[in-house]
Amino acid sequence: MLKCRTVWKKLAPLARTSSTLCRQNVRKAGLNNGRIPTHVPTAHMSSGLPGGGGDNLKYALLVGAASIGGVAYAYHTMKGDQQRYQARITELSSRSQKAAAKESLPSHAPYLLLGGGTASFAAARSIRARDPGAKVLIVTDEPDLPYMRPPLSKELWFSDDPSVTETLRFKQWNGKERSIYFQPPSFYINPEELDSVENGGVAVLTGKKVVHMDVRGNKVKLDDDTEISYDKCLIATGGVPRNLQVIERAGEEVMKRTTLFRKIEDFRSLDKVSRNVKSITIIGGGFLGSELACALGRRSTESDLEVIQMFPEKGNMGKVLPEYLSNWTTEKVKKEGVKVLSEALVKSVTYKDDKLEIHLKDGRLVKTDHIVTAVGLEPNVDLAKSGGLEVDSDFGGYRVNAELQARSNIWVAGDAACFYDIRLGRRRVEHHDHAVVSGRLAGENMTGANKPYWHQSMFWSDLGPDVGYEAIGIVDSSLPTVGVFAKATAKDTPKAATEESGTGIRSESETEDTATSAVASVTPAPVVENKDDYGKGVIFYLRDKVVVGIILWNVFNRMPVARKIIKDGEEHADLNEVAKLFNIHED
Amino acid sequence: MSYCREEGKDRIIFVTKEDHETPSNAELVADDPNDPYEEQGLILPNGDINWNCPCLGGMASGPCGSQFKEAFSCFHYSKEEVKGSECIDHFRNMQECMQRYPELYPQEEDKDESAAPSDSAALTSESDSTAVTSAVSSDSTSPTDGQTAS
């Protein structure tokens with residue numbers, strides 16, 4: 001439609017100039033009698049030669065003028081008509097094209113994946129690997145192709161590239177650069193081609209939301225009333241960030257200055273905000289909140305941005321790490337330039353004098369310019385009602401069995417799946433690797449594998465340069481834990497380091513040496529560090545004496561061992577012996 | 001000497017390198033190589049190729065997936081003296097297809113063509129958690145590979 005309008009607009013001035021030209025031509029032609037189009041009836045009038053005499057001349061002139069005017073008018077009208085005709089034709093043809101385009105959106109997809117995130121992409125890959133020539137259609141309400149989320153709160157913030165918000169490229173641990181998108185656009189095929197393409201492929205339909213699921217009819221309905229039927233369907237719709245009720249009730253001015261962080265657009269807008277305000281407050285002390293706090297905290301060293309993080313727990317990652325470690329982590333986060341307010345419960349938020357005022361329940365008042373809420377994810381169960389799918393009341397999300405199946409041809413994976421883990425029991429996991437593992441498993445089962453959730457997914461987090469950990473299983477701080485840490489020997493102290501490099505004060509180190517050896521000969525017990533340094537170690541989480549979760553604290557490349565211990569599900573009498581398997585003293 | 005501390009329900013043990021030098025007496029359950037639930041490597045127990053192996057990245061699932069599968073299967077089952085010598089046509093098809101998608105298959109042609117001989121290396125990668133934990137290994141952040149970017 002727009003196209004023909006622009007065409008029309010382009011034609012209009014052309015029409016005007018051509019008609020003036022024509023008018024000029026007609027004027028000339030009028031006197032010559034030969035070039036006027038024969039279907040112009042008034043032309044005939046001018047074909048007659050004017051008669052002789054003055055009166056006759058005047059009369060002739062009058063008639064001539066009138067006829068020229070008439071011809072010009074007629075020509076102009078004809079031209080206009082022609083153009084209107086053309087416009088009409090173009091419009092009609094474009095209308096039919098549009099109808100054709102709508103029809104060529106597939107009405108059936110053998111594999112229909114709802115949601116365009118990590119789980120969906122992993123499933124698509126799995127299906128394509130196992131079913132040759134499979135035709136997979138991904139439907140997502142986001143405008144973007146499938147991408148990975150972790151860099152949005154980590155690597156992308158540490159990029160030196162000023163155009164990172166556009167390119168969305170980051171440097172991996174191994175130095176290689178890549179995009180957050182799983183695959184470039186050329187990997188995917190157009191939804192319109194899905195039916196016809198020879199070897200199948202993966203098509204992504206962006207900007208469309210599924211609003212209704214008809215399980216009996218094996219079809220879904222989109223928000224534009226299109227219906228797509230399927231043979232097998234995966235629901236991987238993830239969730240939406242939760243908000244605090246006090247903020248929702250606080251009014252538009254507060255909401256305008258609040259970010260619920262999850263998608264690419266949130267990263268872009270927060271990046272922009274962080275360059276334009278003086279103070280940002282992050283509410284939430286879990287993974288996302290702490291990672292964003294550290295990322296923004298690092299940025300604050302370059303600008304005069306104030307970064308505040310507040311949460312109800314006693315320390316960062318309070319629900320995940322045992323208290324001693326949570327406190328240690330909080331100190332590290334503070335070193336990253338973050339003002340941490342722990343045991344902070346938000347009572348109300350108001351907008352006053354161009355600032356946001358956060359009133360805490362204990363009376364503290366925090367003034368800031370922008371708020372980021374990182375208080376959890378609400379799993380998306382929009383299709384539960386229409387699809388007749390069970391929702392789990394304990395963990396949220398769609399309830400599925402160990403094979404991730406909800407009903408006959410419907411599987412659920414990723415953040416939205418509350419599944420039965422044979423080893424660890426029913427759970428719902430909101431981590432990237434779980435999305436990959438469960439998406440892959442769902443794809444396998446959609447192509448006939450019938451495998452239960454068995455390969456345990458892991459997760460990781462970095463909080464600044466000193467703290468990096470990998471974890472697996474159920475890592476809940478309310479469980480009893482046993483932490484085994486590498487004891488920092490005298491060799492690891494800064495003094496030893498200066499001694500090694502030879503830059504230290506020699507005399508001091510010599511006297512120090514003699515002092516410690518004297519102490520050692522007197523008492524067999526080692527010199528106890530009064531400040532515990534949890535530099536490297538392993539933490540076991542126990543449930544009924546069985547290890548159900550493990551954190552590898554600044555110890556890397558040992559995940560297979562951890563996975564094995566959880567898989568075995570054995571009772572170990574001495575966890576120090578189990579810790580030996582990790583070689584925590586090595587790099 | 002290690003020392004131990006209790007903080008409520010949490011136990012903390014500090015150990016020196018010497019403490020951990022003696023081999024562990026923790027007992028681990030023996031693994032069943034034919035466990036159907038387990039993640040498989042590149043070659044399944046019955047000798048077939050596991051197209052869903054993370055080690056293959058997106059090779060078997062992309063636009064040139066079927067060409068890749070044909071070429072690699074031919075190579076895998078080849079009994080010729082020069083293994084895969086009869087598969088030249090398949091590999092050529094695969095290469096032609098890949099050249100149409102330079103973005104997806106960067107023109108490190110030797111990498112793609114030698115995908116077949118390198119499967120022995122891919123086999124050992126099963127024990128490496130990176131291959132196993134990410135279905136999208138070649139194009140995902142593999143956190144367990146080492147120090148994560150911080």
Side-chain angles (χ1 to χ4, degrees), chain A residues 122 125-126 128-130 132-133 148 150-151 154-155 158 171-174 178 182-184 186-187 199 201 322-324 433 436 439-440 444 451-452 454-455 458 460 462 464-465 468 470 480-487 489 526 528 556-557 559-560 564 568 570 572 576-578 580-581 585, chain B residues 1-3 5 7-17 19-20 22-29 31 35-39 50-54 56 58 60-63 65-67 69 101-104 127-129 132-136 139-150:
Chain A
R125 173 167 281 190
S126 195
R128 288 277 302 157
R130 289 170 53 86
M148 56 181 79
K154 295 188 260 299
E155 288 92 336
F158 305 131
K171 208 169 264 180
Q172 294 175 91
W173 63 271
N174 60 6
R178 63 152 300 151
F182 287 113
Q183 290 284 11
S186 49
F187 174 87
N199 289 319
E323 200 176 317
Y324 64 91
D433 191 51
V436 171
R440 195 146 58 110
E444 285 180 323
K451 280 166 59 172
W454 187 242
H455 177 90
M458 53 81 73
W460 76 98
D462 287 330
E470 296 175 352
T481 68
V482 175
V484 181
F485 293 90
K487 186 164 157 50
T489 58
V528 172
F556 303 96
N557 285 326
M559 197 44 75
K564 172 84 180 116
D568 284 353
E570 299 280 300
H572 293 277
N576 189 18
E577 293 296 320
V578 181
K580 280 186 188 172
L581 297 169
H585 294 93
Chain B
M1 279 302 293
S2 60
Y3 92 102
R5 196 172 88 222
E7 276 196 22
K9 60 171 176 63
D10 303 314
R11 220 165 129 229
I12 309 163
I13 306 172
F14 281 92
V15 291
T16 61
K17 194 168 176 182
D19 292 329
H20 267 200
T22 52
S24 170
N25 62 15
E27 282 170 25
L28 296 177
V29 174
D31 273 333
D35 189 345
Y37 290 178
E38 279 296 332
E39 295 273 306
N50 176 18
W51 298 115
N52 208 10
C53 179
L56 287 176
S61 52
S66 24
Q67 288 90 338
K69 281 185 197 171
Y101 301 93
E103 238 188 340
L104 297 175
S127 57
D128 187 335
S129 58
V132 170
T133 52
S134 41
V136 292
D139 44 22
S140 84
T141 43
S142 307
T144 53
D145 269 349
Q147 303 289 338
T148 44
S150 56

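Below, chains carry the letters A, B, ... as their sequence lines are ordered, and counting in each starts from 1.
Interface summary for chain A: among B:R5, B:Q67, B:E27, the most heavy-atom pairs under 4.5 angstrom belong to B:R5. No other option in B:S61, B:P63, B:P23, B:A60 has as many heavy-atom pairs under 4.5 Å with chain A as B:S61. For the options A:P132, A:P452, A:G439, A:G133, heavy-atom pairs under 4.5 Å to chain B are most numerous at A:P452.
Using bins of under 30°, 30° to 60° and over 60° for the plane-to-plane angle, the ring pair A:F485/A:Y324 lands in the perpendicular bin.
Only the side chain of B:D35 comes within less than 4.5 Å of a heavy atom in chain A; its backbone stays farther off. B:Y101 touches chain A through its side chain: at least one heavy atom from C-beta onward sits under 4.5 Å away, while N, CA, C and O do not.
In summary, A:K564 and B:D31 engage in a salt bridge, as defined by a charged side-chain N under 4.0 Å from a carboxylate O. Taking 4.0 Å as the cut-off between side-chain N and carboxylate O, A:R440 and B:E39 count as a salt-bridged pair.
Distance check, rounded to the nearest 0.5 Å: NZ of A:K580 to NE2 of B:H20 gives 6.5 Å.
Within the 4.5 Å cutoff, side-chain heavy atoms of A:R178 are placed close to those of A:Q172.
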